[in-house]
Each structure stands twice: as C-alpha cells, then as structure tokens.
Amino acid sequence: MFDRYADLAERALRSEPPTHAEARWILDGEDVELLPLLHAAFVPRRHHFGRKVMVHILNNVQNGLCPEDCGYCAQNKDSKAAIRKYAMKGDEEIFAEAERAARAGATRYCMVFSGRGPTLERTRKLAELVRGVKQRFPIEVCLSVGLLDEEGARILAEAGLDRLNHNLNTSASHYSEICSTHSYADRVATLAAAKKCGIETCSGLILGMGEETADVVEVAFTLRELEVPSIPVNFLIPIEGNQVTSDGSLSPERCLRALALMRLVNPSAEIRAAGGREGHLRALGPLCLWPANSLFVDGYLTTRGDAVVETYRMIRDAGFEIDGNPAYDRAAFEGSAPGGFRLPGAEAPVFRPEVAREVRGVGRR
C-alpha cells in the first residue's frame with residue numbers, strides 16, 4: 001500500500017519529480033492517504049532543511065494606490081475592500097519594523113510596495129532601504145515591487161538584495177481570469193531579469209481562484225523549470241469587495257495535498273505555507289510543516305494571521321525549530337519551556353462554570 005509513496009519520496013531525493021499523471025493523482029486521487037503522502041513530502045524536506053522552519057515577516061510599506069486590477073488583491077484599483085490607502089512609509093519606521101522582525105527571529109524581512117512597478121528613481125530609493133536594513137540588522141531582505149526590468153534589477157542587486165518576490169499566481173491559460181492590466185509573460189520576464197542580475201527569485205501561486213487541477217500542476221512544473229528557490233503557496237483569503245473571492249475548493253486536505261505536490265516537484269526549494277494558512281488549514285495547520293519549511297508570521301499584507309508567539313508554539317509542539325538569525329530574542333518569543341498544559345484562552349479558569357466554586361478574594365476557580 002505504501003510503496004507508491006515511498007517511490008515518490010525516493011525519486012524526490014534524486015530530484016526526480018512525479019509525472020504529470022502522478023501530480024494530478026496527488027491532488028485529486030480518491031485513494032490518496034494523506035499522512036503517507038505528507039511523509040513522502042517530508043523525506044526531501046528533511047533531507048534539504050532538517051526540522052528547521054524559516055520565518056518571514058512582511059512589511060506592507062505602501063498600501064493601495066495601485067493601477068492594476070489583480071482581482072484577488074484588496075489593493076487593486078477596482079476593489080471595494082474597506083482598506084486605508086497610504087503612501088510609502090518613512091525610513092525610520094521601515095528600519096524599526098526591520099529591527100522587530102530581526103528580534104522576532106525572521107530569516108527574511110519582506111518589504112512589499114503596491115503598484116505596477118517602480119520608476120528608476122523609486123528603485124534607487126529602494127536600493128538605499130535595502131542597504132540600510134542589511135547594514136543595521138543580520139537579516140536577509142526580500143522585496144516585492146511589481147514588474148521590474150533588468151536595469152532596475154541590477155540596481156537592487158548592487159545594493160545587496162537577497163530575493164525578489166513576484167508570484168506567478170496561476171497558470172498562463174488561467175491568468176486572464178484574475179488580471180487584465182498585465183500579462184503572465186510580464187511576470188515571467190520580471191523573474192528572468194532578477195535571476196540574470198544574480199538576485200534569488202521567490203515566486204509561487206494562490207489556490208482557490210477558480211483554477212483547475214491542471215493549472216496547479218502546470219504552475220508546479222513551471223516553477224521547477226524556472227529554478228525558483230523560494231515558493232510561497234497562498235490560499236485565497238476571501239476579502240469582501242474584491243472581484244475574485246473564494247471558489248469553495250479549498251479544504252484543509254486540498255491545501256496539504258498542494259503543499260506536498262510543490263515539495264515533490266521542487267524537492268530542494270524553500271516551500272512556504274503562506275497567506276490564508278490559518279483560515280484554510282485550521283486544525284490541520286501543524287501538518288503543513290511536513291512538506292513546508294517556511295512560514296509567514298504575524299499576518300500578511302492586508303489581513304491578520306496568527307501572532308508570532310502562537311505560531312512559534314505550533315512549530316515547537318510539532319517537533320520543529322525556528323531557523324532564526326543572530327539577533328533573535330529567543331527568550332522573548334519562545335519562553336523558557338515548550339511543555340505544559342494549555343487551553344485556548346489561557347487566562348480563563350480551567351473548571352467549567354457550572355462546577356466551579358468561588359474562592360474568597362479570587363472568584364470562581
């Protein structure tokens with residue numbers, strides 16, 4: 001029964017991906033056993049990353065004010081989402097948030113700027129910010145700035161930028177269903193420009209936007225062909241007012257199967273359980289760490305997520321550890337010991353109200 005999963009794992013160790021037919025089975029097969037599949041994905045994950053978890057913290061440096069119509073995003077020009085728009089934050093605020101990210105154990109500090117893409121003047125300003133963060137803190141820097149050409153990428157590379165994020169989001173054939181103001185080819189060209197200039201690329205997808213299984217499989221193999229070393233797997237957060245909202249396809253198991261597929265197709269890549277992790281995986285959240293070796297913590301661009309301490313507790317409880325950085329204040333964020341009894345709402349009494357008796361001076365216990 002388990003030979004098929006063992007074969008997938010062994011081939012992944014040799015960097016041999018599943019066939020397209022096997023990839024479709026991983027996502028849709030009625031006879032797939034989830035836990036053996038996750039273990040198959042864990043084998044290459046453990047081989048390349050051990051039990052370490054890389055943490056990323058986002059800074060939404062500029063919100064809204066975007067001329068693009070990406071239907072999944074609350075910042076797009078046609079969205080009616082109730083967000084506050086603001087221009088680029090000041091340098092000191094950006095550096096202060098970088099310091100908080102470093103102290104919180106982030107491997108990378110991810111600065112995100114809304115808009116189609118930066119002008120050369122703005123790109124030079126971004127380069128100054130990259131230099132400033134890297135001079136001050138022992139943390140890697142990732143930028144997400146929209147479309148970028150080779151000239152802009154070279155400026156950022158010379159500043160020491162570690163990674164450039166630009167997600168493919170979906171397949172080439174499905175792209176026009178989620179955005180009309182730029183093309184799938186524009187996104188691929190941005191990744192090519194970054195790679196040519198020596199910047200590591202970060203690119204992934206969003207699940208739950210009306211795509212077919214074939215679209216997910218296509219993206220997985222496209223990212224392999226592009227040799228993308230960092231792959232965020234997002235699960236659509238349905239935001240009221242956006243043009244693209246939930247298609248109803250995402251169960252916790254579907255999300256975990258997709259993470260396993262990304263790992264098996266891209267065995268040595270950093271696979272990130274990204275936006276929507278908490279709301280879609282729900283009680284199965286810790287299982288994402290078997291295929292994924294990377295998480296966002298403390299929320300996303302415009303939406304909330306689990307707090308840092310809560311996420312770190314989940315990581316420890318599942319038997320994994322924070323990768324961290326030299327500035328990580330481990331005592332502040334992980335506490336003295338991971339063990340002990342704990343219920344959600346720890347400040348509440350342990351006893352049920354109908355059985356608790358009052359203790360003088362304390363109340364019900």
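Being a predicted model, the structure only gives us computed values, none of them experimental. FYI, side chains are in, hydrogens and waters are out, and symmetry mates aren't considered; it's all heavy atoms of this structure.
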Self-check item: Contacts of Gln243 that satisfy side chain to side chain donor-acceptor pair (under 3.5 Å) - sequence neighbours left out
Solution: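 Once residues adjacent in sequence are excluded, the partners of Gln243 under the side chain to side chain donor-acceptor pair (under 3.5 Å) criterion are Asn76.
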Quiz item: Who are the side chain to side chain donor-acceptor pair (under 3.5 Å) partners of Glu140, not counting sequence neighbours?
Solution: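 With neighbours one apart ignored, the set is Arg108.
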Quiz item: Got a sec, which residues hit side chain to side chain contact (heavy atoms under 4.5 Å, CB included) with Pro118, two or more places apart in sequence or on another chain?
Solution: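 Listed in chain order: Arg122, Thr123, Leu126, Val145, Leu148.
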Self-check item: Remaining members of the apolar cluster that contains Ile155, side-chain heavy atoms under 4.5 Å
Solution: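 Members alongside Ile155: Leu120.
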Quiz item: With distance as the sole criterion, is a donor-acceptor pair present between the side chains of Ser79 and Asn242 under 3.5 Å?
Solution: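 Yes, because at least one side-chain N or O of Ser79 sits under 3.5 Å from a partner of the opposite role on Asn242.
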Quiz item: His166 vs His182 aromatic rings, parallel, tilted or perpendicular, using cut-offs 30° and 60°?
Solution: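 Rings of His166 and His182: tilted, 30 to 60°.
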Quiz item: Tell me, do Val309 and Arg313 make a side-chain contact under 4.5 Å, heavy atoms counted?
Solution: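 SC-SC contact between Val309 and Arg313 confirmed.
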Quiz prompt | side chain to side chain donor-acceptor pair (under 3.5 Å) contacts touching residues 284-300 (sequence neighbours left out) | solution =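 The answer is His56-Ser294, Arg263-Asn293, Glu270-Ser294, Arg272-Ser294, Glu278-Tyr300.
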Practice problem: Determine which pairs satisfy side chain to side chain donor-acceptor pair (under 3.5 Å) with at least one residue from residues 27-37, sequence neighbours left out, and list them in order. | Solution: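 As it turns out, the side chain to side chain donor-acceptor pair (under 3.5 Å) pairs with a partner in residues 27-37, which skip direct neighbours, are Trp25-Asp31, Asp28-Thr213, Asp28-Arg254.
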Quiz item: Within the side chain of Glu227, is there an N or O that forms a donor-acceptor pair under 3.5 Å with the backbone of Arg224?
Solution: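 No, because the side chain of Glu227 does not come within donor-acceptor range (under 3.5 Å) of the backbone of Arg224.
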Quiz item: Hey, is the main chain of Gly64 close enough, under 3.5 Å, to the side chain of Ser114 for a donor-acceptor pair?
Solution: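 Indeed, once roles are kept as given, a pair shorter than 3.5 Å links the two residues.
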Quiz prompt | Carboxylate-amine/guanidinium proximity below 4.0 Å for Arg124 and Glu128 | solution =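 Looking at Glu128 together with Arg124, the answer is no, because their closest N to O distance does not fall below 4.0 Å.
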Quiz prompt | Tyr5 and His39: CA distance, side-chain angles, deciding distance, ring pair (Phe, Tyr, Trp, His ring centres under 6.0 Å) verdict | solution = CA-CA 8 Å; Tyr5 304 101; His39 181 73; 9.9 Å; no
Quiz item: Does NZ or CZ of Arg277 fall inside the cone over Phe235's six-membered ring, less than 6.0 Å from its centre and within 45° of the axis?
Solution: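 Output no; distance or angle outside limits.
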